[in-house]
S.K.: 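Have a look at the structure that comes next, please.
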Amino acid sequence: MLSLFTNPFTMIFGALLISSPIVIHLINRMRYKRVRFAAMEFLLKSQKRSRRKLIIEQMILLLLRILMCLLVGLLLARFVGCDKGNDSLGASTLHIIVIDDTLSTSDAVRGDDGQVRDVFETAKRLTADQIAGVIAQSGSPQYCTVVLLSDLEQPRSFGRLNPTAVDDMRTYLAPAKPALRHVDLTEGIKVARAQFEGERNMAHVLHVVGDFRSIDWNDRNKESLGTAFEELKTSGTAVHLLDCVNPERTPQSKSPLASDNLAIVDFAPDARIVAKNKEVEFTVKVRNYSNSEKKGVFIRVRVNGVVREDGSVAIPSVPPNGETVAKINLGSGLSRGAEEETEEAGTPDRFNLVSVHLEGETGGIAADNVRYTVVEVRDRVPILIVDNSPKDRQTKEAESFFLWKLFTEPIKGYDVQLKSASDLDNLNLQPYASVYLCDVPKLSDAARKNVEEYVRGGGGLAFFMGPSIKSDTIQEYNEKLYRKGEGIFPVPLDKPIGVDVPDDKRFAERIKRISTFNKKLLIQREMQSHPALEKLYKDNRGQAVRENDYEKFFNFVVIDRYVSVNQQQLRGGLSGVEKLVYLQNTKPIDNYTKAVNDLTDRLQGTVDNLSPANQKYGALLKEIRTELRRIAGSTAELHVLATALDTLLEFPGIKDPAANKPGLIDFWGQADNRLLKEDFEKLRDEVKYGDPLYVAKSFGKGRVVAFMSSAGASWNDLEGFGRAYYPPLMINMQGYLASSGTDANLVLGAPYDFVLDKNAYDSKVKKWFFSEEIKSNPPKATFKSLGEVLLATEDQSYRLAANDGKKEPGIYIYKFAEKRAEGGKAADVGATRPDYRALPYNVDALAEGNLARANSDDITQISKAPLHTATDPDDAYKTSLLKKKRDLSENPWIYFVILMVLIFEQAMAVRLSFHTRPTETAGSTQGMGQPALATA
Amino acid sequence: MADKADDARRFFDPKVIARIAKLDLRAQKVVEGFITGMHRSPFFGNSVEFAQHREYVRGDDIRHLDWKVWSKTDRFYIKQFEAETNLRATVVVDVSESMHYGVEKHRRAGTLNKYEYACTAAACLALLAVRQQDSVGMIAFDEDIRAMLPSRGGSQLHLDAIVQTLNASKPKQKTDPKKIFRKVAETAHSRGMIIVFSDLLCDREPLLKGLEMLRARKHDVMVFHIMDDDELDFPYSGTTKFEGMEELPELLCDPKSLRDGYMEALEEYLIEVRRGCSRMGVDYSLVRTSDYLDAVLSKFLHRRMAIRSGGAKVTTAG
């Protein structure tokens, strides 16, 4: 309240003065003259008549006098509350300076003085000199708080600003370095707003000091930033923005130059758990944040600090504002670690810290040239296969047989464990690289919860159907596992297909299928690059191969029993579900006869009007059209039609001119044929794909896939031709599932919650920070203990909000104490075994690597605040900070109002009594020369 | 000329008159000055004064035939004369407490208060009547008749008695006009002139009824309504406690704020009184205590003269 006045104590006296008219009125009532009067009759009558009017008039007069005192008080106290335009300036003001110290401010630029210093250094200097230094010169009380964007929890208040406080600020800021993390400016503004709300009696000014990059002010953040600034504006906070980057912005240069930067934006292994000394592959993405191509980008790999020359790669070129993906293959694998960890000084020994270092970059940000990941190394990778027939395990009758055999015999390095669905109730799934549920008709609630938590936390889970999946089971799947898309099962199921076909007919059908030479499985082109399938289309060096190299096996696939997906919901679109493999569409053609005829009629019209240049296509088009009409009139299955349509649209041509069969791709590429082509494509897509066979979906941090046929031979021919396509598909499925959780790409500051079963774990957790020391000789990786903490209790579970990865990139390892015995066996009372989890944290290169600067107009439009520069050529910033708040005495209207109040007061006073009217004197002398006598 | 005129009128100024302590001297000064300034007074008429001629009709007294006209015109005309009167005037002076409003103020200012003004005016008229050989009486009243001198022929002794009686009266009670006027009517047996000097600060109804009673006895009633300037102008300001006279309550107020209402109530009152008087044929004059007495007397006498020469004249044949 007092902050509204330049001279607040004067206003206190003014407030007391307001009561003076009342006091004077009361005094006047006590001091009066006595007059013995004869004509009292008229006086009493007058008093009776005008009593109410008199009271009102007296009240008006009293109020006018109080108002007069109030106005004079406001004038003398120099009321500043009316100057809303400068609320931030004037009496007591709280300045909050939000300094952007995120990673991007570590970009070093050469200033006008020739010195190279990073943006944050400039920001610190400008904060102390241009903001705090100027504010301290203000005559009114100015308070200041500094908020570093990377440390929002600890705003630093410097109290009332004076030269000493400014020196304190310099001392506080001097050792500060740019943080390695990314924090949205919106968060900083929210913290500032919370600070302002704690000091409601002060004027508020927010200063944002930073590099104002385009990525921070783009469309993604536009709304949140705009809202945050709007809220500040609504609450009366003045905002100033100060850009610290050189070259400075000018009215002519609203998007000035920015530094180039190369950044490693992603680095992940293809499996989070690998077998010792087995080949392991990593994917690294390098992004070029510049307008020029970067050539010869060299990436060196270190494992536990030691350079692995076999993994180092040279990327020939990274396109401007683009990225290049490189594969790093450590052929000899990783050696550190053992199945039974040998803890060195209590530290886990199973984890390998793998890092990639981008070398040779000059300029830009250094921290985003390194990226870390962690790989858990075991002697053999544990995978879990759950089936429904324990007694048949490791025999062909078991649904798990082919998977067990696949990961046991031809492919080494896996520790395959076979368990029943009931074991899932109380089994720690965390150690398993992946879990396969083969023909499991039902999961108990505990088991379902267990697998859901496992996948949500980064595990990989595969469902296989089988003879146990019946109509009632399907309902159970839909209600409990699918749960309208919320559950772990990726798709809603419809019904089992082909289970009712008698064996003789089934056999005949199989013969028929095998004898027809067409692909019984279909993979859409765009799905060929899916992580679960991409290696099927690449050789060992990662080079693409022809799709038929693998898909040729699809010609002999026989999958005559499967569970269909609910087509209605599938057509409606299932969020996040990727349909990797389709079955051939064996539905009858009847419903599409008319559509085919219509389109072929249009095709005939096109053929009849071919231009001379297109005459060469005429014969082939007629031939295909005839074939289409024939198929449309036949009882063929839809995939036949799809094949014919594929021929029409994608016929590659025969080079021999004598064959007179040119490729049709060029024909359909012509603009005149575009509409017809689109209609044929639409029809082709409708008729080509049958029911989905293999679908995938991300669930939490993990991955889940569903194979709609059996893992065993009961519903297909895995004992026959199926052996050709099945193993590669399953191996890639295992790779896909095992790599889940590796692409979490945790960035510094990102939250990560561990939720553990309270009955299965102890409440204590031990933490380490695992980092490499490449400058030591020899380079090595070291553990640094982060101490032991207690888990927070939540109902039936423990929760740990892992917030260690805030400042330093590297691997954070957590050792939980599991009370459950291995394999779901009964545990000894009080005995625990370690359950390790490792979280790799890296700098947020995607958010911080791009140094391109935002357009000045965009910034001012979003923030609705002035954007200043370091040199502040017209001193606008300084002037606005030093400008004193306009008080009431500077407003001419106040004098007019006082004059008006005075006039009204006088008029009322004269009317009511207190001043003699000029006419009264004259009136009293109207008689015979005797002047009026005022007193008796 | 103006100075001379002013000098001649100096004794009509209430301020000047107030310096003369004795009422009889006051009246003498006023009347002398007044006569000097007048050309003709209606009180100097002759009862055998010729009025007009009228043709003789049978039954007329032949003693009134104008033979001179007959000798010239050979026709009979009767000479008519104004009626011969013997005026019986009674001055009725209000000596109630309200008439003494502002005693101290007027004493300090050297002016006449309502009572003094009324006494002076009454004495002046009594003197004029005495000098004209008419009979004059006096009644002083408040709640009741406090002093009464019956009408008698104009002798100096009688005039002195009137003056001494007025001087001796001390206002103290409230006014009861109805009662008083009834008594006055009962006292004045024959028709005469009743001249009332009062501030009339009493209830209108009994006042008018009293006057009506007088008029019913065929008295020629004149009312000099004497009001103080303060009562007419209400010039008070500042917080004031008004203490009522004649048993009226007191009032603490800001007088300026009540002035308009006061003036309005006063105006209503004056209109009511004036209308009442007019309705009854009472000659009403509102007199300020600051008014010059000659103006008051002149106005009064001229009105009387107008009445005599107009509808109010009494003509007698022969």
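Residue numbers start from 1 in every chain, and the chains themselves are labelled A, B, ... in the order their sequence lines are given, proteins ahead of strands.
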S.K.: Got A:Phe42 and B:Phe234 here, is their nearest side-chain heavy-atom distance under 4.5 Å?
M.R.: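 No, every pair of side-chain atoms sits at 4.5 Å or beyond.
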S.K.: Check whether any side-chain N or O of A:Ser46 sits under 3.5 Å from a backbone N or O of B:Tyr262 as a donor-acceptor pair, and report yes or no.
M.R.: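 A pair under 3.5 Å: yes.
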S.K.: For chain A, which candidate among B:Pro249, B:Cys253, B:Gly102 shows the most heavy-atom pairs at distances under 4.5 Å?
M.R.: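 Highest number of heavy-atom pairs under 4.5 Å: B:Pro249.
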S.K.: Mind checking whether A:Arg36 and B:Glu97 have side chains closer than 4.5 Å, heavy atoms only?
M.R.: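 Yes, side chains in contact.
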S.K.: In Å and rounded to the nearest 0.5 Å, what is the OG to NZ distance from B:Ser237 to A:Lys33?
M.R.: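 That separation rounds to 4.5 Å.
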S.K.: When rounded to the nearest 0.5 angstrom, what distance separates CD in A:Glu41 from CG in B:Leu266?
M.R.: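 Rounded to the nearest 0.5 Å, the CD-CG separation comes out at 9.5 Å.
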S.K.: Find the one option among B:Arg204, B:Glu104, B:Lys114 whose heavy-atom pairs under 4.5 Å with chain A are most numerous.
M.R.: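 Maximum pair count with chain A is reached by B:Arg204.
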S.K.: Can you confirm whether A:Phe904 is buried at CZ, in the sense that more than 12 heavy atoms of other residues, nucleotides or ligands lie under 6.0 Å from that atom?
M.R.: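 Count not over threshold, so no.
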S.K.: Most heavy-atom pairs under 4.5 angstrom with chain B, which of A:Lys45, A:Arg51, A:Arg49?
M.R.: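 Max contact count across the listed options: A:Arg49.
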S.K.: Just how far is it from atom CD of B:Glu250 to atom CG of A:Leu44, taken to the nearest 0.5 Å?
M.R.: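 Going from CD on B:Glu250 over to CG on A:Leu44, the span is 10.5 Å.
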S.K.: Look up atom CG in B:Asp254 and atom CD in A:Glu57, then write down how far apart they are to the nearest 0.5 Å.
M.R.: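 It is 10.5 Å, given to the nearest 0.5 Å.
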S.K.: Taking CD in B:Glu205 as the centre, count heavy atoms belonging to other residues, nucleotides or ligands within less than 6.0 Å. Is the count above 12?
M.R.: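 No, the 6.0 Å shell around CD holds no more than 12 heavy atoms from other groups.
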S.K.: Non-hydrogen atoms of chain A under 4.5 Å away: do they reach the side chain of B:Leu201, the backbone, both or neither?
M.R.: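 Looking at B:Leu201, just its side chain touches chain A.
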S.K.: For B:Leu258 and A:Gln47, work out which heavy atoms get closest and say how close.
M.R.: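 Reported closest heavy-atom pair: CD2-CA, 3.5 Å.
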S.K.: Quick check: do A:Phe37 and B:Glu231 have side-chain heavy atoms less than 4.5 Å from each other?
M.R.: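 They are in contact (side-chain heavy atoms under 4.5 Å apart), so the answer is yes.
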S.K.: Looking at A:Lys48, I want to see if its NZ is surrounded by more than 12 non-hydrogen atoms of other residues, nucleotides or ligands under 6.0 Å.
M.R.: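 No.
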S.K.: Spell out the residues in residues 271-279 of chain B that have some non-hydrogen atom less than 4.5 Å away from a non-hydrogen atom of chain A, in order of number; otherwise answer 'none'.
M.R.: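 Contacts with chain A: none.
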